[in-house]
Number of protein chains: 2
Amino acid sequence: MPKSRHLQADHIHAIGLKATVPRLKVLELFKDASRHHLSAEEIYRSLTSDGSEMSLATIYRVLIQFEQAGLLVRHHFESGKAVFELKQGEHHDHLICLVCGRVEEFCDDEIERLQHAVVEARGYRLHEHALALYGVCAAPECQARQDAVLPRRGGAPRGR
Amino acid sequence: MPKSRHLQADHIHAIGLKATVPRLKVLELFKDASRHHLSAEEIYRSLTSDGSEMSLATIYRVLIQFEQAGLLVRHHFESGKAVFELKQGEHHDHLICLVCGRVEEFCDDEIERLQHAVVEARGYRLHEHALALYGVCAAPECQARQDAVLPRRGGAPRGR
DNA sequence: ATCAGTGCAAAGCTTTTGCATAGTG
DNA sequence: CACTATGCAAAAGCTTTGCACTGAT
């Protein structure tokens with residue numbers, strides 16, 4: 001068993017869970033993946049096509065546990081389905097391409113600061129915040145299909 | 001028939017739809033409502049308890065049409081169900097109380113400007129953006145139930 | 001050996017859709 | 001009167017759950 005596998009097992013033990021195959025696979029996927037944002041369905045397909053059989057129900061359960069443990073963050077964006085992301089040190093915001101679905105991350109301290117100012121001005125106690133910018137990314141294929149974005153509900157490619 | 005009713009009928013004709021009872025009722029609800037943000041289910045309950053019978057399917061259809069016509073905007077926030085809002089002149093962002101579910105609106109030109117800067121720096125073409133701040137509002141009842149917010153999935157009161 | 005975790009299948013919720021009927025212009 | 005819109009009920013899509021079995025510690 002490779003060392004990294006041990007490390008991940010420890011990571012899972014640390015949050016009070018047993019190091020089972022499904023949990024290791026899911027964690028590994030998030031660590032390796034070039035795509036940082038994954039839906040339950042995408043995780044299922046990705047693991048299944050790698051030969052790891054695992055039920056969708058288990059994936060949902062693992063995702064919920066990892067989220068509760070603070071390992072993952074859940075986002076809703078505009079798609080009607082939840083996507084998850086490894087929670088890494090810094091908070092960041094998202095830039096989403098409406099054509100290809102690609103998600104980029106960015107940080108802007110000035111925006112953060114202004115957000116806090118708004119919250120304080122209204123007497124709220126802030127728990128979290130989500131800023132998502134939806135547009136068409138710089139890729140030529142996407143720029144070429146700009147209009148594919150407009151027709152339906154001003155919105156993203158929906159999976160329903 | 002009151003004059004305002006005529007005006008709303010015109011409003012609906014203007015977007016190429018027939019002025020039917022369901023459409024007028026839904027529009028009226030959004031115009032009158034103290035709550036600006038409503039889900040399909042809330043609209044259904046609200047109209048039903050006012051004596052107007054109308055099927056949920058129709059409400060969904062009306063909402064889709066109004067959204068396509070640019071009369072309403074759809075938001076997803078963190079709840080897993082969509083909420084709609086009358087599209088009024090200015091774009092604005094949202095401040096959501098995780099305890100009572102209240103939604104407040106705010107505008108901050110400086111934040112808007114910084115968002116555009118981010119998008120341009122990455123070569124995106126911006127279509128829309130959504131900034132949502134989740135916290136606990138100033139109401140004493142909500143402040144008192146702060147902890148009701150934490151237990152599950154970092155999140156909002158979920159309806160699933 | 002014990003208790004947590006998994007798979008399967010069924011159920012839950014929100015949202016969409018097909019089709020016959022009713023209503024608008 | 002022609003065509004759209006509605007209601008109903010069924011279906012679809014995502015997510016959760018009950019229960020009996022499997023597996024980690």
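Given the structure is predicted, the values throughout are model-derived calculations rather than measurements. Per chain, numbering begins at 1; letters A, B, ... match sequence-line order.
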Under 3.5 Å, which N/O atoms of the protein pair with N/O atoms of nucleotides 18-23 of chain D?
residue, atom, partner, partner atom, Å
D:dG18, O6, A:Arg61, NH1, 3.3

Kindly point out which of [options] is positioned nearest to the side chain of [X]?
X       : options               : value
B:Val62 : D:dT6, C:dT6, C:dT16  : D:dT6
B:Arg23 : C:dT16, C:dT15, D:dA5 : D:dA5
B:Pro22 : D:dT6, C:dT15, C:dT6  : D:dT6

**Asked** With the threshold set at 4.0 Å, does a side-chain nitrogen-carboxylate oxygen contact exist between A:Lys31 and A:Glu28?
**Response** no
**Asked** Does A:Arg45 pair with A:Glu41 as a salt bridge, N-O distance under 4.0 Å?
**Response** yes
**Item:** A:His13 vs D:dT25: side-chain N/O to OP1/OP2 distance below 4.0 Å
**Value:** yes
**Message:** Side-chain N or O of B:Tyr60 versus OP1/OP2 of C:dT16: is the shortest distance under 4.0 Å?
**Reply:** no
Side chains of [X] and [Y] in contact at under 4.5 Å (non-hydrogen atoms):
X       : Y       : answer
A:His36 : A:Leu86 : no
B:Val62 : B:Phe84 : no
B:Leu38 : B:Ser46 : no

Nearest-angstrom distance from the residue atom [atom1] of [X] to [atom2] of [N]:
X       : N      : atom1 : atom2 : value
B:His76 : D:dT15 : NE2   : C1'   : 15 Å
A:Leu38 : D:dC14 : CG    : P     : 15 Å
B:Arg74 : C:dT14 : CZ    : P     : 14 Å
B:Leu17 : C:dG23 : CG    : P     : 19 Å
B:Lys81 : D:dT15 : NZ    : P     : 16 Å
B:Lys25 : C:dT24 : NZ    : P     : 13 Å
B:Tyr44 : D:dT6  : OH    : P     : 15 Å
B:Ile12 : C:dG25 : CD1   : C1'   : 14 Å

**Request:** For the pair A:Tyr134 and A:Phe77, name the ring-plane relationship: parallel under 30°, tilted 30 to 60°, perpendicular over 60°.
**Result:** perpendicular
**Asked** When the ring planes of A:His92 and A:His94 are compared, do they come out parallel, tilted or perpendicular, using 30° and 60° as the limits?
**Response** perpendicular
**Item:** Non-neighbouring partners of B:Glu112 that pass salt bridge (charged side-chain N to carboxylate O under 4.0 Å, His left out), sequence neighbours left out
**Value:** none
**Message:** With each end axis built from five pairs of C1' atoms, what bend angle do you get for the helix from C:dA1-D:dT25 to C:dG25-D:dC1? Round to 10°.
**Reply:** 30°
**Asked** So which pairs with a foot in residues 83-102 of chain B pass salt bridge (Lys or Arg N to Asp or Glu O under 4.0 Å), sequence neighbours left out?
**Response** B:Arg102-B:Glu104
**Complete:** Sorted by chain and residue number, the side chain to side chain contact (heavy atoms under 4.5 Å, CB included) partners of A:Leu126 (sequence neighbours excluded) come out as A:His116, A:Val119, B:Leu133
**Request:** Keeping the roles fixed (side chain from A:Arg23, backbone from A:Lys18), state whether a donor-acceptor pair exists under 3.5 Å.
**Result:** yes
**Request:** For B:Ser39 and for B:Ala19, locate the closest nucleotide of DNA chain C by heavy-atom distance; then report the residue assigned to the nucleotide nearer the 5' terminus.
**Result:** B:Ser39
**Message:** Nearest 0.5 angstrom please: A:Gln115 CD to A:His129 NE2, how far?
**Reply:** 5.0 Å
**Complete:** So, with a heavy-atom separation below 4.0 Å from DNA chain C, the residues of residues 45-56 of chain A are A:Glu53, A:Met54, A:Ser55
